[in-house]
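A short worksheet on the structure shown next.
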Amino acid sequence: MIRLYNTMTRSTDPFTPMEEGRVGLYTCGPTVYNYAHIGNLRTYIFEDLLRRTLEAEGYEVNHVMNVTDVGHLVSDSDTGEDKMEVGVAREGITAREIADKYWAAFRRDLERLNIVEPTTWCRATEYIGEQIDLAKRMEGAGFTYALEDGIYFDTSKLPDYGKLARLDLEGLQAGARVEMVAGKRNPTDFAVWKFSPTDQKRQMEWESPWGIGFPGWHLECSAMSLKHLGEQFDIHCGGVDHVAVHHTNEIAQVESVTGKEWVRWWMHGEFLVLPKTDEDESKMSKSSGNFITMESLVERRIDPLAYRYFCMGAHYRAPLTFTWEGLDGAANALDRLRRRVAAIRTDRPGRVLDEPLTAFREACRDDLNTPRALAALWNVLRDERADGADQYATLLEMDRILGLGIDSMAEVEAEVDGEIERLVAERDDARSRKDFAEADRLRDEITARGYLLEDTPEGTKVRPG
RNA sequence: GGCGGCAUAGCCAAGUGGCUAAGGCAGAGGACUGCAAAUCCUUUAUCCCCGGUUCGAAUCCGGGUGCCGCCUCCA
């Protein structure tokens, strides 16, 4: 039995799917107007761990992820520019090209992090018809009203509006400091369909019963998950920042027309935060430019999987402070794991060790407690009495969830050119003559070129520095 | 102002009433080595503060203090 924290109930509850053996999972995907940053990616790592845990428990997971390629405004108060159009203005290519470019970049990030792709991707622009249909149903049920700039959802008509975030609607009213779109009936009302501005031509706009325009950004997730997962499904995930606005409004759009509970489990990943400095806010955000991409990690010769390991060191519901020092620590741990695995791996079939595997699986089942799961992993390697083949078999089993690529871990030997090879040979020669001063001098020379040496019974090995 | 989260070793981070408070990184000592590296062993915690409940609290309750997130684009 898996126990998962549910934002709706604010408690960790035993998970049971609607349909025996199958899980419907929707995860909010990227807005593809720029590269994802490692904070975004932390959430996708969490969702991957969820999916892998469900699959390891024997569930067949129907995993749907959206790609937002339209309609996401710079401001959530339904004002400002469309982010995609911002990308267009910045790079001078079409919106479609922007979307394709950053979606491809996103998928490359997922691949590098060993994140399993969703079973279904859906692009918002390919579901405009479905979104309009859903808006029409809301209109038919009397939940919408028209303003000059768009069709709005009247949140006061839904008695339990805001239940996910436990919004204090009165308090919001009093504390509202965000400029409200003129004519909105309630501060929480949001646009379902926005009209194109009359004075400019948008790259992305569509005909609708209400006029030419584009969908509000909450609409796509509602419409696409309805289409792929039905009027009720098991789990919907995203970042914590989506609780109060995005998911709250998605719920309103769906439940207003179906009249029944839509999603059974809401799960939210906490933020990756940067150490606070005087200048910068600690949060990483795409819009402020205060962000680190996967690419910049790779440029620093940091293994993307070290970032995956780093994230697994903390529970997904706790904020995690990102530091380069912390990431280096994770990279060191992963390197050590690699060497240990390389040392024990064998083609000889092994038997999975029950005790550590049970501890590991229990940790995963307990609301994805990866820090505890990693402790179980290290305990496998600490047990001296265990047979190497058995240890390896156990680690492979754990890796179905961890996704660290244990099956391909091998001793890392550096690729060396003739020059390095010659220096190594000279040093070996000096050592055999017991000319250690010369040997050490040569080692320094090799080290200075970015390689580490290991003298082993099998000879001198060269590792990347 | 409203809502929510967090405070455990040098760092990251599990642990939500009961043996000697996981695990990782970094550090120290030792074994091994010509010296290293790698590996192995050993070692590192007044659980933010003050009250309270209890036979017993890091864990529950009350009050502080500090930090962070959301309500603004956000994962």
Side-chain angles (χ1 to χ4, degrees), chain A residues 7 10 27-31 33 36-47 72-77 79-81 83 86 162 165-179 187-188 217 237-246 248 268-273 276 281-288 291 309-310 312-315 317-323 325-337 339-340 343 359 363 366 369-379 382 384 411 431 434-437 439-440 443 447 452-456 460-461 463:
Chain A
T7 307
R10 304 287 163 102
T27 56
C28 276
T31 300
Y33 73 108
H37 58 64
I38 58 175
N40 299 130
L41 293 167
R42 181 185 182 200
T43 298
Y44 300 110
I45 289 170
F46 139 61
E47 291 161 351
H72 200 153
L73 299 183
V74 165
S75 157
D76 215 15
S77 51
T79 59
E81 302 167 276
K83 286 189 184 174
V86 170
R166 307 200 171 179
L167 295 181
D168 172 0
L169 298 180
E170 302 298 317
L172 272 178
Q173 212 110 14
R177 55 169 215 226
V178 182
E179 222 175 296
T188 47
W217 86 281
C237 299
V240 274
D241 54 313
H242 280 157
V243 175
V245 178
H246 185 50
T248 288
H268 296 94
E270 254 295 350
F271 275 140
L272 180 79
V273 296
K276 187 90 175 171
E281 58 176 354
S282 58
K283 209 184 70 175
M284 218 177 262
S285 82
K286 278 196 208 179
S287 49
S288 71
F291 70 88
Y309 185 99
F310 176 74
M312 293 195 296
H315 188 90
R317 261 183 317 110
L320 173 61
T321 305
F322 177 84
T323 60
E325 189 192 7
L327 184 58
D328 284 344
N332 286 344
L334 185 61
D335 273 346
R336 191 177 142 225
L337 180 64
R339 283 191 295 267
R340 293 300 312 275
D366 183 11
N369 194 327
T370 47
R372 231 167 70 205
L374 286 177
L377 170 103
W378 288 105
N379 284 333
R382 187 170 302 104
E384 290 175 48
E411 191 144 11
R431 287 183 69 221
K434 299 212 187 296
D435 182 355
F436 296 120
D440 289 348
R443 180 167 59 198
T447 305
L452 292 179
L453 293 188
E454 270 183 50
D455 296 325
T456 75
T460 304
K461 291 183 180 174
R463 293 198 293 119

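Labels below follow one simple rule: chain letters A, B, ... track the order of the sequence lines, proteins then strands, and each chain is numbered from 1. Just so it is clear, the structure is predicted and the values come from calculations on it, not from any experiment.
- Taking the six-membered ring for Trp and thresholds of 30 and 60 degrees, A:His246 and A:Trp217 have nearly parallel ring planes, at less than 30 degrees apart.
- Residue contacts shown for A:Arg339 are limited to sugar-phosphate atoms, with no base heavy atom under 4.0 Å away.
- Only the P atoms considered, B:A7 is 26 Å distant from B:A75, to the nearest whole Å.
- A search for salt bridge (Lys or Arg N to Asp or Glu O under 4.0 Å) contacts involving A:Arg317 returns A:Asp367, not counting sequence neighbours.
- A 3.5 Å limit on both hydrogen-bonding distances identifies B:A31 as the Watson-Crick or G-U partner of B:U39.
- With contacts defined as side-chain heavy-atom distances shorter than 4.5 Å, the pair A:Trp378/A:Leu337 qualifies.
- Within the shown strands, B:C55 is the pairing partner of B:G18 under the Watson-Crick or G-U definition, both distances less than 3.5 Å.
- As a whole-Å value, the separation of A:Leu327 CG from B:A26 P is 13 Å.
- Across all strands shown, B:U46 remains unpaired; no Watson-Crick or G-U wobble contact has both distances below 3.5 Å.
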Please list, for nucleotides 30-34 of chain B, all pairs of protein and nucleotide N/O atoms separated by less than 3.5 Å.
| residue | atom | partner | partner atom | Å |
| --- | --- | --- | --- | --- |
| B:G34 | O6 | A:Arg431 | NE | 3.2 |
| B:G34 | N1 | A:Asp440 | OD1 | 3.0 |
| B:G34 | N2 | A:Asp440 | OD1 | 3.3 |
| B:G34 | N2 | A:Asp440 | OD2 | 2.6 |

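- Taking the side-chain hydrogen bond (donor to acceptor under 3.5 Å, both in side chains) definition, one finds that A:Thr460 meets it with A:Asp428, A:Asp455, sequence neighbours left out.
- The distance between atom NE2 of A:His268 and atom P of B:G69, rounded to the nearest whole Å, is 18 Å.
- B:U20 sits 15 Å from B:U44 when the P atoms are compared, rounded to a whole Å.
- For A:Tyr309, there are no ring pair (Phe, Tyr, Trp, His ring centres under 6.0 Å) partners two or more places apart in sequence or in a different chain.
- Comparing A:Val240 and A:Glu454 along RNA chain B, the residue whose closest nucleotide (by nearest heavy atom) sits nearer the 5' end is A:Glu454.
- Nucleic acid contact class of A:Leu453 (heavy atoms, under 4.0 Å, all strands): base.
- Going from atom CZ of A:Phe271 over to atom C1' of B:C6 covers 15 Å, rounded to whole Å.
- One C1' atom belongs to B:C70, the other to B:C11, and the distance between them is 28 Å to the nearest Å.
- Shown here are the salt bridge (Lys or Arg N to Asp or Glu O under 4.0 Å) partners of A:Arg42, two or more places apart in sequence or in another chain: there are none.
- Remark: the separation of the P atoms in B:U65 and B:C50 is 15 Å, to the nearest Å.
- Here the C1' atom of nucleotide B:C70 and the CG atom of A:Asp241 are 8 Å apart, to the nearest Å.
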B/S/- contact track for nucleotides 9-25 of chain B, protein heavy atom under 4.0 Å: ---SSSS------BSSS
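- Partner A:Phe310 forms a side chain to side chain contact (heavy atoms under 4.5 Å, CB included) with one of A:Asp328, A:Leu272, A:Leu334 and no other, that one being A:Leu272.
- Judged by Watson-Crick or G-U wobble contacts below 3.5 Å, the nucleotide B:C6 has B:G66 as its partner.
- In terms of the salt bridge (Lys or Arg N to Asp or Glu O under 4.0 Å) criterion, A:Asp241 has no residue partners (sequence neighbours excluded).
- Comparing B:A38 with B:A45, their P atoms are spaced 25 Å from each other, to the whole Å.
- The side-chain hydrogen bond (donor to acceptor under 3.5 Å, both in side chains) check on A:Thr248 picks up nothing, with sequence neighbours excluded.
- Nucleotides B:G17 and B:G23 are separated by 23 Å at their C1' atoms, to the nearest Å.
- Remark: A:Glu454 engages A:Arg463 in a salt bridge (Lys or Arg N to Asp or Glu O under 4.0 Å) (not counting sequence neighbours).
- Comparing the P positions of B:G1 and B:G10 gives a spacing of 35 Å, expressed to the nearest Å.
- Taking atom P in both B:G18 and B:U59, one finds a spacing of 11 Å when rounded to whole Å.
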